[in-house]
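Letters go in sequence order (proteins before strands), and every chain restarts at 1. Computed from a prediction, not measured in an experiment: that's the story for all the values here.
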Amino acid sequence: MNIALIDYGAGNVPSVERAFQRLGAASRRIVRPADLASAGAIILPGVGHYAAIIRALDSQNLRSPLLEAVARRVPFLGICLGLQALYAGSEEAPALVGLGLLAGSVSSLPRTTKLPHMGWNRLRIVKPTPLFDGLGDSDYFYFAHTFAAPRSAEHAVAFCDYGTTFTAALQSGNIFATQFHPEKSGAAGARLLQNFLRLAAMRNFA
Amino acid sequence: MSLARRIIPCLDTDGDRVVKGVNFVGLRDAGDPAELAARYDSEGADELVVLDIAASRDRRPTFLETIRRVAAELAIPLTAGGGIRTLGDARSVVRAGADKITINTAAVERPQLISELSAEFGSQAVVLAIDATLELAGAEPRWDVRVRGGRDPAHLDALSWAQQGVELGAGEILLTSMDRDGTQGGYDITLTSVISRRVSVPVIASGGAKTPEHFAQVFSEGAADAALAASIFHDGSQSIRGLKQFLAARNIEVRFPC
């Protein structure tokens, strides 16, 4: 399968690449709009500031081809900022417009806890999904973020609690996304990526 | 709250080898960085830190190659540092595979570096390392910051510097007690507690770890979010799995790999 890894300079692109290599899957770094036309699956990684991902998508003219590919039901996996980018916008950069594939906007976690939310946390899987096949509420995943997506009952498949309850993983048709970093989450993260690849190959998203 | 306390082995490297003993005194070879990294990843380490203790310009390519080799073995986050003075230095370290950058002396000399790194990589990628030594004991103790591997005073109060660093954009504090480092007498619980309870970012305790009890103390009394150690893991005197089992039995939440 042709796995397109959108490379806009995000720090975690090499680790996502290595994580797929360990699963025996080769990904291709995408920097030009035309490269998305033949993608069998699209990965949007990200870490850092919301403005970086949105500005990069626009300056590399990737926004429209990305939205078109998602509309063609190409399997999509957003990681961290790649999840946040799916919403209408973010409190972190209020002037910028997100991809708007999901309703609502991203906001800061409460400042009553230590921020960034950094380290290994568990999830509450609230909707059965093949993305979490073989994984459960006792598995830990690695988080490194200050902003988070709203608790959206419609698309959320897993919540996480840190000062508040936020969406840790979601699925909407062919769109999958995680706030945590599966590429940094040891064996549990590898399992999730493998599940995504299997779903993408079957193109069966329910 | 189910955020686990983190156990972080540290690889002090000189050239392409891991060494034991800091401050350039009595350096002993402790193994190959990539081999140790693979071992710690499989034993359940939550993150890994790689430091270039020589941090000399001419050996920079060797250190970057070490980061690449270590990153290739890891499915957990990697922090790298030692001798990072500019945004350019940080970029090469990140490009080589580090998820976070740790800075120390250069940040004291030019605090703006913290903001520059934070703007480029996000605060979650900027770890401010502080080497502290007790200046005034008593009811309201104070610690001084030291730089250049602990050799020189920075004439800064450790708590104020930690708070300033967070304001400038540091997302984590790596706090080393120079008084405890290398003594194996346990972490400085008071230092860790004072800083950790008064900054808004996670604190990694470092310096002095020997027994599982030391880790339990620094998490429960010291309020540390993570604990770092080096030689006790390298020489096999403490296994990461055994340490986590000890902590779990004390109701300290830790992650066991699946």
### Summary
Tightest non-hydrogen contact, residues B:L3 and A:H117, listed as CD1-NE2, 3.7 Å

### Summary
To the nearest 0.5 Å, atom CZ of A:R122 lies from atom CD of B:E253 at 4.5 Å

### Task
Flag the one option from A:S15, A:A19, A:A144 with the top tally of heavy-atom pairs under 4.5 Å to chain B.
A:A144

## Note on the structure
Cut-off 4.5 Å, heavy atoms of chain A, and the answer for B:S118 is neither

### Task
Identify which part of A:R111 has an atom lying under 4.5 Å from any heavy atom of chain B, answering side chain, backbone, both or neither.
neither

### Message
With heavy-atom distances below 4.5 Å as the criterion, would you say the side chains of B:V201 and A:M118 are in contact?
### Response
no

### Message
Nearest 0.5 Å, please: how far is CD in B:Q124 from CZ in A:F143?
### Response
14.0 Å

### Query
Does any heavy atom of chain B fall under 4.5 Å from the side chain of A:H181, the backbone, both, or neither of them?
neither

### Task
Name the region of B:D225, side chain, backbone, both or neither, that has any atom closer than 4.5 Å to a heavy atom of chain A.
side chain

### Task
Mark yes when over 12 heavy atoms from residues, nucleotides or ligands other than B:R198 sit less than 6.0 Å from its CZ; otherwise mark no.
no

### Task
Find the one option among B:S123, B:A71, B:G97, B:G122 whose heavy-atom pairs under 4.5 Å with chain A are most numerous.
B:A71

### Query
Is it the side chain or the backbone of A:V47 that comes within 4.5 Å of chain B heavy atoms, both, or neither?
both

### Residue, of B:A125, B:A119, B:A72, that accumulates the most heavy atom pairs under 4.5 Å with chain A
B:A72

### Query
What residues of residues 93-107 of chain A sit under 4.5 Å from chain B when you count only heavy atoms?
none

### Atom group of B:D46 that falls short of 4.5 Å from chain A, counting heavy atoms
both

### Message
Heavy-atom cut-off 4.5 Å, strictly under: side chain, backbone, both or neither for B:V203 against chain A?
### Response
both

### Query
Any chance CZ of A:R124 has more than 12 other-residue heavy atoms, nucleotides or ligands included, within less than 6.0 Å?
yes

### Query
Would a 4.5 Å heavy-atom cut-off, applied to side chains only, mark A:P116 and B:P202 as touching?
yes

### Message
Just so I know, are the side chains of A:Y142 and B:I76 near enough to count as touching, which here means a heavy-atom distance under 4.5 Å?
### Response
no

### Task
Go through the atoms of A:A52 and report whether side chain, backbone, both or neither lie under 4.5 Å from a heavy atom of chain B.
neither

